[in-house]
Q: 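Below are the structure tokens for one structure; questions will follow.
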Amino acid sequence: MIPYATQWVDDEDIAAVAQALKTAYLTQGPLVDEFEAKTAGYCGAKYAVAFNSGTSALHGACFAAGLKAGDEAITSPITFVATANAVLYCGAKPLFADIDPQTINLDPTAVAGQITAKTKAILPVHYAGQPCEMAALSKLAKERNLTVIEDACHALGADYQGKKIGAGQYSDMTILSFHAVKHITTGEGGMVLTNNKDFYEKLKTFRTHGITRDPKLLAEKDPGPWVYEMQALGFNYRLTDFQSALGMSQLKKLDQFVARRREIVARYQAAFKNVPGLATIQGKTDCRSAWHIYPIMVKGNRRKIFDALRAKGLGVNVHYIPVYWQPYYSQLGYQKGLCPRAEAYYESTITLPLYPKMSDQEVETVITVVKECVNGR
Ligand SMILES: *Cc1c(COP(=O)(O)O)cnc(C)c1O
């Protein structure tokens with residue numbers, strides 16, 4: 001079976017983790033700071049705060065943005081459930097806006113249509129690694145004084161208008177995930193990038209129980225050296241030093257990983273260009289996708305084609321079931337039909353294998369098998 005995605009951990013990565021395990025720091029230590037600085041440097045952000053998952057990073061960002069009961073935040077239904085769940089964790093309500101059927105990203109016009117007096121944030125998701133229309137979304141947000149939180153869990157290494165996603169040109173915070181299938185991995189892990197010092201400080205205390213030891217921030221006058229204060233309800237969302245060692249070792253190879261992903265996708269795009277019954281995502285010209293996944297859209301019976309691909313050894317997958325279709329969301333009152341373009345996309349899509357370690361031979365096998373199955377052979 002050719003999987004839809006898999007990590008690439010080599011001997012250098014293993015040596016980096018082994019070395020970290022021999023130090024005094026088994027939990028959060030100096031390597032976390034180093035990993036944050038290197039990732040912020042790579043993306044062109046001022047600050048970075050590491051978390052133990054992309055999900056906890058999203059939660060941190062929603063907390064820092066001040067989301068609370070009575071507030072609303074707008075996101076895409078074509079995302080992993082974690083994006084919308086982070087809004088729920090804060091007691092706020094996620095609203096879903098429909099997608100642009102060419103890019104499968106949030107349609108800024110649809111977002112504008114969902115803004116109410118309660119809206120506090122927009123969470124654009126760079127689906128498959130393709131940057132959203134950030135300039136348009138940022139314009140909307142500025143007019144209404146909304147916080148923009150980019151879910152860039154698919155888009156580490158992508159460019160938008162000549163800058164890396166994460167530089168925060170058009171947003172307040174950017175979320176990364178280091179889950180095994182993402183561009184670089186720490187096993188589980190995540191990060192928030194920001195240029196805003198206030199968000200940065202909130203994120204730092206949020207990931208460690210809402211506790212601060214900074215004498216400048218303590219309420220107690222003349223505190224003893226042991227004093228810490230819990231000033232907000234935070235969590236234990238810390239990343240470890242040995243995970244950070246893996247992350248830094250992986251970060252060295254990120255450009256190579258992204259280049260290989262783009263090379264494979266260029267081959268796919270050329271091969272699938274004129275295949276009847278098969279369409280691919282159309283990118284915008286002002287950005288470059290980092291290609292986390294490679295979804296196609298099929299016209300025929302999706303289930304039949306999917307089963308045929310699996311039967312022929314392709315570990316295909318589907319990204320994503322519209323979030324509000326999930327039973328938990330139905331129970332909250334969300335109904336089918338809310339975002340018709342997102343639903344039509346979901347019903348037609350299949351994610352093909354894509355990962356940097358894929359051989360040219362495997363890429364050709366995928367192409368041959370897809371052409372056969374899409375045409376019912
Ligand atoms: C992976 C992912 C997340 C969550 O990241 P974890 O590190 O698995 O918690 C959130 N949003 C999107 C779009 C993702 O792909």
Side-chain angles (χ1 to χ4, degrees), residues 4-7 35-36 39 48-63 73-90 94 96-97 99 103-106 121-132 134 148-158 165-166 171 173-193 203 206-207 235-240 243-244 246-247 250-251 257-258 261 281 289-295 317-324 326 329 342 345-346 349 351 354-355:
Y4 92 89
T6 186
Q7 71 273 21
F35 182 37
E36 289 171 341
T39 310
V49 182
F51 280 80
N52 59 7
S53 72
T55 304
S56 54
L58 277 161
H59 186 187
C62 287
F63 170 84
I74 302 167
T75 192
S76 170
I78 300 296
T79 184
F80 184 53
V81 292
T83 321
N85 289 352
V87 175
L88 290 178
Y89 296 158
C90 295
F96 297 95
I99 55 157
T103 62
I104 322 302
N105 279 331
L106 270 182
I122 306 175
L123 290 93
V125 181
H126 306 306
Y127 178 71
Q130 160 94 19
C132 295
M134 291 308 299
V148 179
I149 301 168
E150 294 175 72
D151 182 337
C153 292
H154 292 194
L156 177 56
I165 285 295
S171 75
M173 287 174 271
T174 302
I175 312 307
L176 303 175
S177 164
F178 308 124
H179 178 273
V181 298
K182 304 291 161 71
H183 287 82
I184 63 168
T185 189
T186 60
E188 298 277 7
M191 205 172 276
V192 184
L193 304 172
L203 291 161
F206 184 75
R207 95 173 149 190
F235 291 78
N236 177 354
Y237 278 163
R238 294 185 301 263
L239 192 71
T240 65
Q243 288 175 295
S244 300
L246 178 55
Q250 289 259 303
L251 190 60
F257 288 166
V258 173
R261 285 173 177 278
I281 294 182
S289 175
W291 290 111
H292 161 57
I293 50 173
Y294 185 76
N317 210 325
V318 168
H319 297 92
Y320 292 96
I321 301 166
V323 173
Y324 60 81
Q326 296 295 344
Y329 280 82
Y345 174 71
Y346 160 65
T349 192
T351 300
L354 174 65
Y355 47 94

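As a basis for the values below, the full set of heavy atoms in this structure was taken, side chains included, without hydrogen atoms, waters or symmetry mates. Atoms within each ligand, like the ligands themselves, are counted from 1 in listed order.
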Q: For His154, check side-chain hydrogen bond (donor to acceptor under 3.5 Å, both in side chains) against everything at least two apart and list the hits.
A: Tyr320
Q: What pair of heavy atoms forms the shortest contact from Gly189 to Thr186, and how long is it?
A: CA-OG1, 3.4 Å
Q: Can you list every pair where an N/O of ligand 1 is under 3.5 Å from an N/O on the protein?
A:
{"unit_1": "ligand 1", "atom_1": "5 (O)", "unit_2": "Ser177", "atom_2": "OG", "d": "3.4"}
{"unit_1": "ligand 1", "atom_1": "7 (O)", "unit_2": "Gly54", "atom_2": "N", "d": "2.8"}
{"unit_1": "ligand 1", "atom_1": "7 (O)", "unit_2": "Ser177", "atom_2": "OG", "d": "2.7"}
{"unit_1": "ligand 1", "atom_1": "9 (O)", "unit_2": "Gly54", "atom_2": "N", "d": "3.3"}
{"unit_1": "ligand 1", "atom_1": "9 (O)", "unit_2": "Thr55", "atom_2": "N", "d": "2.8"}
{"unit_1": "ligand 1", "atom_1": "9 (O)", "unit_2": "Thr55", "atom_2": "OG1", "d": "2.5"}
{"unit_1": "ligand 1", "atom_1": "11 (N)", "unit_2": "Asp151", "atom_2": "OD2", "d": "2.8"}
{"unit_1": "ligand 1", "atom_1": "15 (O)", "unit_2": "His154", "atom_2": "NE2", "d": "2.9"}
{"unit_1": "ligand 1", "atom_1": "15 (O)", "unit_2": "Lys182", "atom_2": "NZ", "d": "3.0"}
{"unit_1": "ligand 1", "atom_1": "15 (O)", "unit_2": "Tyr320", "atom_2": "OH", "d": "3.4"}

Q: Give me the ring orientation class for Tyr237 and His59: parallel if the planes are under 30° apart, tilted from 30 to 60°, perpendicular past 60°.
A: perpendicular
Q: Hey, can you tell me if Phe63 and Phe206 have their rings parallel, tilted or perpendicular (30° and 60° cut-offs)?
A: parallel
Q: Taking salt bridge (Lys or Arg N to Asp or Glu O under 4.0 Å) as the definition, give me every residue that meets it alongside Arg207, ordered by chain and number, with sequence neighbours left out.
A: Glu36
Q: Restricting to side-chain contact (heavy atoms from CB on, under 4.5 Å), what partner residues turn up for Ser289, sequence neighbours left out?
A: Gln130, Trp291
